[in-house]
Amino acid sequence: MKKPQNIKLDHHSLKRLIESIKHTCDEEPNCEQVYELLDEYAEQELQGVHPQDLMPLVHHHLEICPDCHEEYDMLLEILRARKENPK
Amino acid sequence: MKTRDNASWLSDLRTPGIPQDEALEDLSEIIKRGLAGALTRYLPPDDPHFEWLVEESAQDTLLKVLDKLDTFEGRSQFTTWVYRIAVRSALTELRRKRWQNVSLDEMSETFEGDNLFPSPEPRTEDQIQRHQMIERVRDIIEHELTEKQRAALIALSGGMAMDQVASELSTNRNALYKLMHDARKRLKKRLADEGLNVDEILAAFMD
């Protein structure tokens with residue numbers, strides 16, 4: 001792996017990093033731990049149960065990790081479509 | 001299609017022969033229908049890769065479902081649990097294909113680092129001070145990060161998927177998350193030690 005040299009973070013990336021630093025907790029679940037709870041979390045969201053309050057660390061991880069957030073978004077989209085058309 | 005609750009899904013899938021065959025067929029249909037709708041955001045349905053992706057992801061999901069059946073704890077609907085597996089399968093393949101010919105070195109080389117400060121107009125005293133704060137923070141961050149963390153950060157900022165960055169670094173997604181989490185914790189402490197308030201830093205980004 002070559003050294004990135006003096007590559008500077010662009011404005012947008014730097015700001016996003018600062019935002020993530022602001023919300024950094026000492027203990028955070030990793031992607032696999034969040035993945036194991038995603039089905040439960042998504043159903044709570046669909047039921048209007050505010051999962052961000054019941055599982056704040058999962059919510060926090062989804063705010064920070066774009067890949068997990070993408071998976072959650074797709075899961076939610078599928079569940080909503082199924083709810084609207086339960087055939 | 002038979003209507004099943006969690007218990008009957010588990011029972012049918014564990015009963016070899018007709019019950020299992022029918023359950024797998026029904027589950028395959030459910031998975032494909034769900035994925036086909038969701039994947040249109042990533043690929044047009046008439047793309048030659050689309051149908052293959054739906055089929056392949058469904059097959060992969062069924063295998064994983066059978067393998068992990070004993071781990072289902074009933075904290076959600078069985079089909080939700082299955083969809084979770086299907087989503088991971090489909091997105092993993094999409095990301096692999098998207099990034100298969102891109103390396104971390106290439107991400108670094110093509111990372112222009114432009115837009116360091118967006119406004120081209122003559123700056124006021126306030127803007128100059130904000131710019132100086134941002135540059136000070138940028139220097140701290142770039143000196144604090146390890147080479148590995150900086151390479152990962154640049155790649156992730158460029159939109160590269162976690163799995164691909166992890167693979168490039170010969171690690172896995174969880175270890176990569178920990179690497180970046182450690183970096184964020186260290187940076188948080190360093191900024192505080194330097195007397196820099198994160199909210200004030202973020203306010204400095206406002207144009």
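We name chains A, B, ... by the order of the sequence lines, and we start the count at 1 in each one.
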side-chain hydrogen bond (donor to acceptor under 3.5 Å, both in side chains), that's the test. Do A/Glu32 and B/Tyr177 meet it? Break it down for me.
CA-CA 10 Å; A/Glu32 197 57 32; B/Tyr177 188 87; over 6 Å; no
Any salt bridge linking [X] with [Y]? Criterion: basic side-chain nitrogen under 4.0 Å from a carboxylate oxygen.
X        : Y       : answer
A/Glu71  : B/Arg88 : yes
A/Glu36  : B/Lys68 : no
B/Asp199 : A/Lys22 : yes
B/Arg75  : A/Glu43 : no
A/Glu70  : B/Arg41 : no

Whether [X] side chain and [Y] backbone form a donor-acceptor pair below 3.5 Å:
X        : Y        : answer
B/Asn174 : A/Asn30  : no
A/Lys15  : B/Leu202 : no
B/His181 : A/Cys25  : yes
A/Asp67  : B/Met162 : yes

If I take atom [atom1] from residue [X] and atom [atom2] from residue [Y], how far apart are they, to the nearest 0.5 angstrom?
X        : Y        : atom1 : atom2 : result
A/Leu46  : B/Ser76  : CG    : OG    : 12.0 Å
B/Lys188 : A/Ile21  : NZ    : CD1   : 9.5 Å
A/Leu17  : B/Ser157 : CG    : OG    : 7.5 Å
A/Thr24  : B/Lys189 : OG1   : NZ    : 14.5 Å
B/Leu187 : A/Ile18  : CG    : CD1   : 7.5 Å
A/Ser13  : B/Ile154 : OG    : CD1   : 9.0 Å

Please step through side chain to side chain contact (heavy atoms under 4.5 Å, CB included) for the pair A/Leu14 and B/Phe205, ending with a clear verdict.
CA-CA 9 Å; A/Leu14 187 61; B/Phe205 281 89; 3.8 Å; yes
Where do A/Met74 and B/Tyr42 land on the side chain to side chain contact (heavy atoms under 4.5 Å, CB included) test, with the steps shown first?
CA-CA 11 Å; A/Met74 185 181 274; B/Tyr42 296 86; 3.3 Å; yes
Grab the two heavy atoms, one from B/Ala38 and one from A/Ile78, that are nearest each other, plus how far apart they are.
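Looking at all heavy atoms of both residues, the shortest contact is CB-CG1, 3.7 Å.
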Report which part of B/Thr3 has an atom under 4.5 Å of a heavy atom belonging to chain A: side chain, backbone, both, or neither.
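B/Thr3 has no heavy atom closer than 4.5 Å to chain A.
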Atom group of B/Val82 that falls short of 4.5 Å from chain A, counting heavy atoms
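When you check distances to chain A, no heavy atom of B/Val82 falls under 4.5 Å.
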Checking side chain to side chain contact (heavy atoms under 4.5 Å, CB included) for the pair B/Arg33/A/Asn85: CA distance, chi angles, key distance, verdict?
CA-CA 11 Å; B/Arg33 203 182 314 139; A/Asn85 187 12; 5.8 Å; no
Give the C-alpha distance, both sets of side-chain angles, the deciding distance and a yes or no for side chain to side chain contact (heavy atoms under 4.5 Å, CB included) between A/Asp39 and B/Tyr83.
CA-CA 8 Å; A/Asp39 50 330; B/Tyr83 279 137; over 6 Å; no
Looking at chain A, which one of [options] has the largest number of heavy-atom pairs inside 4.5 Å, strictly under?
options                             : value
B/Ala175, B/Ala161, B/Gly37         : B/Ala161
B/Asp163, B/Thr80, B/Val198         : B/Thr80
B/Arg95, B/Gln77, B/Met180, B/Glu73 : B/Arg95
B/Arg173, B/Lys178, B/Lys185        : B/Arg173

How about A/Asp53: does its CG atom have over 12 heavy atoms from other parts shown lying under 6.0 Å from it?
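Above 12, so yes.
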Examine whether an atom of A/Gln33 lies under 4.5 Å from a heavy atom of chain B, and if so say whether it belongs to the side chain, the backbone or both; otherwise answer neither.
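It is neither, since no heavy atom gets under 4.5 Å.
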Check each atom of A/Glu77 against the heavy atoms of chain B and say whether the ones under 4.5 Å are side chain, backbone, both or neither.
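Contact with chain B involves the side chain of A/Glu77 alone.
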In the structure I gave you, are the side-chain heavy atoms of B/Ile85 and A/Tyr35 within less than 4.5 Å of one another anywhere?
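Yes, close enough: below the 4.5 Å cut-off.
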